[in-house]
Amino acid sequence: MRKYDFNNIFVISYYTGYVIIGTAFLMLIPIITSLLLLEWNPFLDFIISVNIAFIIGLTLIIFGRKTRENKINMQWKHGFVVASISWIILMLLCAVPYMLSGHTKSFLDSCFDVMSGFTTTGLALTQDLDHLSIGLNMWRHILTFIGGQGMVVLALTFLFRETGGAYKIYVGEAKDIELVPNVKGTARIIWKISITYLIIGTSILWINGMLIGLKPVSAFFHGLFMFASSWSTGGFAPMTQNMLYYHSFSYEINTVIFFILGSFNFGLHYAIWQGKKKELVKNIETQSFFITAFISGTLAVTGIAKLNIYPDAIVAFRKVIYHILSAHTTTGLGTLYARQFALEWGDFGVVVLIIIMLIGGSACSTAGGFKGLRVGIVFKGVLADIQKLLSSERRVRIFKFHHIKEQILDDSLVRASSLIIICYLILFAIGTALGTFYGYPFMSAAFESASVTGNVGLSIGVTSVTMPAPMKVYFILAMYLARLEFLSVFALIGYFIGGVKKICLKS
Amino acid sequence: MKEIKNVIEGFVIEIAAIGIFIALLFAVNIIIVMR
Amino acid sequence: MSKIIIRLIIVMLFFFEESATAGIIDLNDLVENGKAFDGKSITIEGEAIGETLERGRYAWVNISDQSNVMGIWMKIEDAENIKFFGDYKHKGDIIKVTGIFRRACSEHGGDMDIHGTALEVVELGYPVKEEVGTSKIIVVIVLSLISLCMVGFYFKLRNN
């Protein structure tokens, strides 16, 4: 019994160490950036941080080295725990550069920003973005780009030698799409797709940036950062004003295209790139997204038009539709000041935003929320149930839906989807209650809670340095749970409780 | 070569589809606000 | 009776003059009271940040006071008066701008902005000299040595 326990710890320690080392290598990018731009303090801050990460990662690997020596098998529970525990340790490690920069008021605020980046949420507590070093801004946007892909996916691509354990951690990070039968190959493809779009997208935004008045070097960085933020449906921006800094319709349209693309399932991109173009319209998630985006957009425009807050149709389009799409894809980029949602949009507009922020984007993408797949499955499940009730009892009907391939809509699938949706709703409800407990108005508390639960990043003004610490802690937890889709975190909690129980029972 | 052709085709289709979607939203939006 | 009316008129004129030149408002006040200030002439003061975004004969200059950040639409000639823009290496010029505030500018896609009519550089900006503490350098050296040792240790274990 005892030997078995230690083996568990070794396995988890070993693989967690690898994920940490993999992510630590990323710090080389801001190091090189700050070096080239002669930003000495960030340069040193990142060297300190990368050293700490290496020391901790190596310690974990060395501690768990029996895993490699004795070839201990990785099981599902290990995979989930590695995924969830890596994210926590990484959050602490990646917060160090923020802390050292002096732009965050506390370590809690730094952790908040890191978790916001990892989960591609986009709410920020970093102060004075306009004077931030390019190195640190590079780091923020790397975090959200990597977070969108997944740190585990990153580690899988470069570091893992065997694939048995790898798949279990991959699923632990809430990805279940198998583009090719082996998970390392799938991870590589996810990267290929993202890097291809990174190059194309950055180039487009770079040129666009220069056309709207940015100087070449800064246009490049803005383009790179805004692409990373859009594709990962993150919502960070290098400037305090977010997208409003650019005052540009073309820049807005480009980000819309990239964030909608980013909110699509990687399997969808892969299928289309292989020539299966019909997937774009047959897929249940794109159907679900286009329908809900269209309905919510139309409803929001209608509702807001009544309030006469925008002078004409083009303005309404740029302000209303941009934020509807930004919210639905769980991106969080915006051209309005946070408080304007509360002061100008009216309750109906805010309610529409809350609902679509919760519905979210596609599964196995960079988006958050319930996910279109689940909403589609539950919706079709309800329709199927109604049809079963109405039709004669003798006919046995099989219901199907299309997601990459034809799949059967069976009861356990509908139930699993519904359960996860319920978990999200509970997360949302607690967040709203917490906000109202601390005195925030109901709509604002609900809006911010939906933004956190859906990993969106639009703010109505609640998120700020002065927000009570318990709310910051809850938001961090909620962003984390929502992004990992609960399972791995439940496994982690279950494992700890089980482990503590074993220790207590033994003595 | 065929792989690159497929990738470019796929990319163009994705952007076109989203462009059409946005245009549709824009059109409906204008109609609603004009009324 | 006429004396009272004259006094009232003088007081009202005072108020009128006050609101036209106005004290300097915080940008956040503009955000919070967008509808009240919409279309009015206001004066704000803040640091120019980022860079000038030139758009033909006019340009955007985004300025930051301690409360918020907003975009000013001004003539190129005015923008050219600004020497330093705030970023990591610079403190930007502090400029005082008078202009018309728009809560949802129809000329600029509904952006909340200010169309500047007068600009004055109140305080010049400057390049910020970076100071690196010696303690930081020591920490870097110590940590680097520790991790190098650990990497060595790791490879030694692997080869055994």
Chain C contacts, top residue of A/Ile47, A/Ile61, A/Ile62 (heavy-atom pairs, under 4.5 Å): A/Ile62
Max heavy-atom pair count under 4.5 Å with chain A, selected residue of C/His90, C/Met70, C/Lys91: C/Met70
Proximal component of C/Val142, with respect to chain A [non-hydrogen, under 4.5 Å]: neither
Partner chain C: residue of A/Ile48, A/Asn137, A/Leu244, A/Ile212 with the largest heavy-atom pair count (under 4.5 Å): A/Ile212
Selection from A/Ser248, A/Ala342, A/Gly135, A/Pro42 maximising heavy-atom pairs under 4.5 Å formed with chain C: A/Pro42
Option that, when pairs with chain C are counted at under 4.5 Å, heavy atom only, ranks first among A/Asp312, A/Val50, A/Leu132: A/Leu132
Pick from A/Glu252, A/Arg65, A/Lys215, A/Met239 with the largest number of heavy-atom pairs that fall under 4.5 Å of chain C: A/Lys215
A/Trp345 side, atom CH2; A/Ile460 side, atom CD1 - distance, nearest 0.5 Å: 10.5 Å
Chain C contact via A/Leu129 - side chain, backbone, both or neither, heavy atoms under 4.5 Å: neither
Structural part of A/Thr240 lying under 4.5 Å from a heavy atom of chain C: side chain
Heavy-atom check, side chain of C/Lys89 versus side chain of A/Glu39, under 4.5 Å: yes
Chain A interface, residue from C/Asn68, C/Ile49, C/Val128 that has the most non-hydrogen pairs under 4.5 Å: C/Ile49
Polar contact flag, side-chain donor to acceptor under 3.5 angstrom, A/Tyr322-A/Thr255: yes
Contact origin within C/Leu157 toward chain A - heavy atom pairs under 4.5 Å: side chain
Side-chain ion pair, C/Asp111 and C/Arg102, N-O less than 4.0 Å: no
Verdict with reasoning, A/His103 to A/Asp128, per side-chain hydrogen bond (donor to acceptor under 3.5 Å, both in side chains): CA-CA 7 Å; A/His103 278 263; A/Asp128 199 15; 4.8 Å; no
Most contacts with chain A, counted as non-hydrogen pairs under 4.5 angstrom, among C/Cys105, C/Gly92, C/Gly109: C/Gly109
Aromatic ring proximity A/Phe447/A/Phe341, centre distance under 6.0 Å: yes
Close aromatic pair by centroid cut-off 6.0 Å: A/Tyr14 and A/Phe10: no
Proximal component of A/Phe317, with respect to chain C [non-hydrogen, under 4.5 Å]: neither
Pairwise side-chain contact, A/Tyr337 with A/Gln241, heavy-atom cut-off 4.5 Å (strictly under): yes
Heavy-atom pair of closest approach, residues A/His323 and A/Thr335: NE2-N, 2.9 Å
Options C/Lys136, C/Glu51, C/Glu47, C/Met150, ranked by heavy-atom pairs under 4.5 Å with chain A, top entry: C/Glu51
A/His141/A/His222 aromatic ring centres below 6.0 Å: no
Part of A/Asp130 within contact of chain C (heavy atom distance under 4.5 Å): both
Pick from A/Leu44, A/Leu37, A/Leu211 with the largest number of heavy-atom pairs that fall under 4.5 Å of chain C: A/Leu44
